[in-house]
There are 2 protein chains.
Amino acid sequence: MVVAANLDVRITIYDVAEAAGVSTATASKALNGTGRVSSETRARIKQVASDLGFRPNALARSLTRKRSFTVGLLTDDTYGRFTLPVMAGISEGLIDHGVSVFLCAIENSPELAKTHVDAMLDKQIDGIIATGKRVDRSLPVDLGHLPIPVVYALTAGPADAVTLVPDDRQGTSEAVGHLVRQGRRRIVHVTGPGSFRVVEERAAAFVEALHAAGLPAQTSAIMRGSWSERWGHEAVEALWSGTDRPDGICCGNDQIARGVVDALRERGVDVPLDVSVVGFDNWEIVAEQTRPPLTTIDMNLKELGRQAGQTLVRLVNGEAVETGLWRLPCTLVVRGS
Amino acid sequence: MVVAANLDVRITIYDVAEAAGVSTATASKALNGTGRVSSETRARIKQVASDLGFRPNALARSLTRKRSFTVGLLTDDTYGRFTLPVMAGISEGLIDHGVSVFLCAIENSPELAKTHVDAMLDKQIDGIIATGKRVDRSLPVDLGHLPIPVVYALTAGPADAVTLVPDDRQGTSEAVGHLVRQGRRRIVHVTGPGSFRVVEERAAAFVEALHAAGLPAQTSAIMRGSWSERWGHEAVEALWSGTDRPDGICCGNDQIARGVVDALRERGVDVPLDVSVVGFDNWEIVAEQTRPPLTTIDMNLKELGRQAGQTLVRLVNGEAVETGLWRLPCTLVVRGS
DNA sequence: TAAATTTGGGAAACCCTTTTCTCGCCGAAA
DNA sequence: TTTCGGCGAGAAAAGGGTTTCCCAAATTTA
């Protein structure tokens with residue numbers, strides 16, 4: 001049988017105290033495990049609280065504790081391809097600590113960002129996580145002089161803050177390493193626009209990885225374009241119109257890789273028999289639908305989000321945390337290409 | 001010149017009252033536009049508050065007002081293709097009302113969902129928006145007996161609540177109407193698994209739209225499969241192995257449409273010269289990269305999110321709102337297919 | 001001019017919890 | 001038997017606002 005709960009009458013600590021025949025001070029101490037309360041009294045109060053279904057009002061608690069167990073999540077990425085796994089990781093990593101997350105989609109608008117930040121400050125949030133879609137761009141709002149800690153994830157932050165990003169270099173090494181292990185010797189890098197810092201980082205790592213494998217690395221082996229399938233097609237056309245055709249292609253993202261694989265198939269080049277292709281991002285919707293499914297690099301964004309959340313909690317708790325850029329490892333995901 | 005703000009010393013209403021030479025009661029009334037205060041006094045207090053940079057502590061305010069100007073957003077969709085635009089719309093539609101949004105990724109776990117809901121209830125949220133990836137599935141938590149209003153968006157809700165979904169029927173009509181206007185007469189529908197309710201709704205609307213156009217509509221013109229590019233390929237293969245080939249294909253989503261278009265191109269069938277193809281979802285990353293770019297149906301999910309947020313606010317304000325399923329119109333987006 | 005209103009503003013209670021300070025009591029040491 | 005220390009518990013003061021009276025002065029009405 002279901003007992004009709006008095007949903008619109010919240011049980012307060014006064015009710016608990018009265019029912020247990022103690023003062024609210026004692027009830028509070030008993031319930032929170034602070035202060036000095038005899039174990040019998042403590043047990044009794046806890047029992048009463050549980051019987052009554054008492055749940056403390058977090059607002060009132062935050063008012064005195066000056067901790068709201070709430071943090072803000074700022075993002076300029078409504079498209080969400082990168083941000084969403086990060087957000088999910090943050091949410092997951094924080095709920096265990098009883099921390100809730102305010103979502104703020106700021107749309108690249110400084111005014112909107114300020115509105116959100118002010119609203120959250122008024123709500124006494126404990127900290128902020130800033131996240132975006134580009135590691136080399138910062139959000140259109142200055143979070144540097146806030147009275148609360150800020151952690152940056154997948155967006156540019158100041159040097160004296162913690163900024164979490166995927167380790168693009170290590171990820172690229174993994175990709176090249178895989179191609180080398182497949183016996184590939186003529187490897188090229190088809191990547192995005194040089195205006196993206198990750199492009200140059202990965203390009204440098206690409207050259208380095210080839211060297212490490214004892215392979216020649218011409219800079220001509222690095223082809224920059226857009227982050228699109230179209231560019232994958234164009235790159236293949238350019239490569240196959242010459243005589244020095246590659247047998248391994250390391251791509252800047254999965255969309256380019258998809259274009260490359262499609263273009264190769266259309267030319268009758270077999271993947272992975274004739275040419276091996278590795279993508280980047282492990283964007284499953286693209287990687288799994290490619291024929292054959294893409295071997296690619298996963299940036300472990302969910303884990304990155306989780307760590308961002310936990311780092312923020314540590315900062316809020318006053319723990320010392322090493323500032324600067326944290327590069328989190330990427331993982332090779334082997335599929336069919 | 002920048003004045004160094006005392007960031008760690010919050011200005012309270014006591015400070016404002018003292019500086020203005022009035023009581024806190026008067027200050028509160030003046031700032032909130034309530035009670036009876038002379039217009040000069042009101043103006044003076046407002047000026048003082050602004051000079052001091054006073055911002056009320058939302059926690060303290062919520063404690064007495066019993067309104068926290070915070071709502072919860074529950075989602076089981078960490079992949080986010082559908083949810084993210086909805087979330088962005090919610091966030092945008094609510095910040096104008098000074099309402100912040102708690103993000104809860106519940107991952108299909110009832111325990112996690114309950115943890116989140118309890119945490120938010122403790123934080124005195126004013127309402128909840130439940131959102132998901134399937135209109136015919138509900139979240140793994142019962143939100144029916146909560147003391148606060150709940151709005152459902154893109155997920156199944158009880159009949160006595162407001163549930164917002166895209167108008168799949170109208171969207172399908174738009175798609176078919178477009179094909180008909182292109183002069184197409186032999187139109188088929190390549191769609192997803194029959195286990196999805198939207199599939200059957202769209203199928204029914206497809207038949208209806210053909211009738212309305214005076215075209216014959218056999219049920220054999222509806223081909224159900226998976227939501228994948230692969231299925232698009234397979235469907236084309238099946239269709240073109242017969243003699244009764246279509247000249248218009250209405251697809252269940254953009255991925256299927258993409259597969260269809262690719263398969264047609266590989267067969268040397270020209271899109272849109274020989275065959276017109278319409279997708280569904282307007283998932284830009286797919287639609288724009290298809291060759292030619294996909295004509296498709298946009299579900300206006302951001303607008304749906306915005307309306308969900310505003311509806312929730314109205315419910316929180318005690319306004320009467322018509323319950324049941326709200327079908328929000330879709331829009332045809334014409335591209336090259 | 002006296003009575004009845006209206007007006008502007010303040011005192012105090014309230015929202016719910018935590019925390020500090022105080023105090024009585026009991027057992028142990030002197 | 002007195003003193004001291006520790007223990008358990010409560011009173012009261014935050015914490016930062018809002019809101020409900022209530023009162024005195026100014027204004028209107030009779």
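Just so you know, these numbers use all the heavy atoms, side chains as well, and skip hydrogens, waters and symmetry mates. Each chain gets a letter, A, B and so on, in the order its sequence line appears, and its residues count up from 1.
- Nearest to the side-chain atoms of Thr64(A) among the listed nucleotides dG17(D), dT19(D), dA14(D) stands dA14(D).
- Here the nucleotide nearest the side chain of Leu63(A), chosen from dG17(D), dA9(D), dG15(D), is dG15(D).
- Note on Ser62(A): nothing from the nucleic acid sits closer than 4.0 angstrom, heavy atoms only.
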Set out, in order, the CA-CA distance, both residues' side-chain angles and the distance that settles side-chain contact (heavy atoms from CB on, under 4.5 Å) for Arg55(A) and Arg10(A), then state yes or no. CA-CA 8 Å; Arg55(A) 296 197 61 98; Arg10(A) 299 258 328 176; 4.0 Å; yes
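- As a whole-Å value, the separation of Ile11(B) CD1 from dG15(D) C1' is 16 Å.
- In this structure, Leu59(A) atom CG and dG17(D) atom P are separated by 13 Å, rounded to whole Å.
- Side-chain N or O atoms of Asp136(B) include one that pairs as donor or acceptor with a backbone N or O of Arg197(B) at under 3.5 Å.
- Using a 4.0 Å heavy-atom criterion, one finds that Thr34(B) contacts no nucleic acid atom at all.
- When heavy atoms are screened at a 4.0 angstrom cut-off, Arg67(A) is found touching no nucleic acid atom at all.
- Along DNA chain D, the nucleotide nearest to Leu31(B) and the one nearest to Ser23(A) differ in position, and the one closer to the 5' end is contacted by Ser23(A).
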Residue pair Asn32(B), Arg61(B): steps toward the side-chain contact (heavy atoms from CB on, under 4.5 Å) verdict: CA-CA 11 Å; Asn32(B) 292 305; Arg61(B) 168 178 273 172; 3.0 Å; yes
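- The OH-C1' distance, from Tyr14(A) to dA11(D), rounds to 12 Å in whole Å.
- Along DNA chain C, read 5' to 3', the first and last nucleotides having any atom under 4.0 Å from a heavy atom of chain B are dT7(C) to dC16(C).
- Base engagement by Ser28(A) is indicated by at least one non-hydrogen atom pair under 4.0 Å involving a base atom.
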Would you please test Val141(A) and His116(A) for side-chain contact (heavy atoms from CB on, under 4.5 Å) and show each step? CA-CA 10 Å; Val141(A) 60; His116(A) 267 118; over 6 Å; no
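- Not one side-chain nitrogen or oxygen of Arg36(A) sits closer than 4.0 Å to the OP1 or OP2 atom of dG8(D).
- Side-chain to base pairing of Lys66(A) with dG16(D): no donor and acceptor N or O lie closer than 3.5 Å to each other.
- Using a cutoff of 4.0 Å between basic side-chain nitrogens and carboxylate oxygens, Glu111(A) and Lys114(A) are not scored as salt-bridged.
- The distance between atom CZ of Arg42(A) and atom P of dC7(D), rounded to the nearest whole Å, is 13 Å.
- Across Pro140(A) and Ile106(A), no two heavy atoms sit closer than the pair CD-CD1, 3.8 Å.
- Annotation: of the two residues near DNA chain D, Arg61(A) and Arg44(A), the 5′-most nearest-nucleotide partner is Arg44(A).
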Could you please spell out the steps behind the side-chain contact (heavy atoms from CB on, under 4.5 Å) verdict for Leu73(B) and Val86(B)? CA-CA 10 Å; Leu73(B) 174 57; Val86(B) 176; 6.0 Å; no
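- Whole-Å rounding puts the Ile45(B) CD1 to dT18(D) C1' distance at 14 Å.
- As rounded to whole Å, 15 Å separates atom C1' of dG10(D) from atom CD of Glu18(A).
- Across the interface with DNA chain C, nearest-nucleotide mapping of Lys29(A) and Ile13(A) shows Ile13(A) to be the residue nearer the 5′ end.
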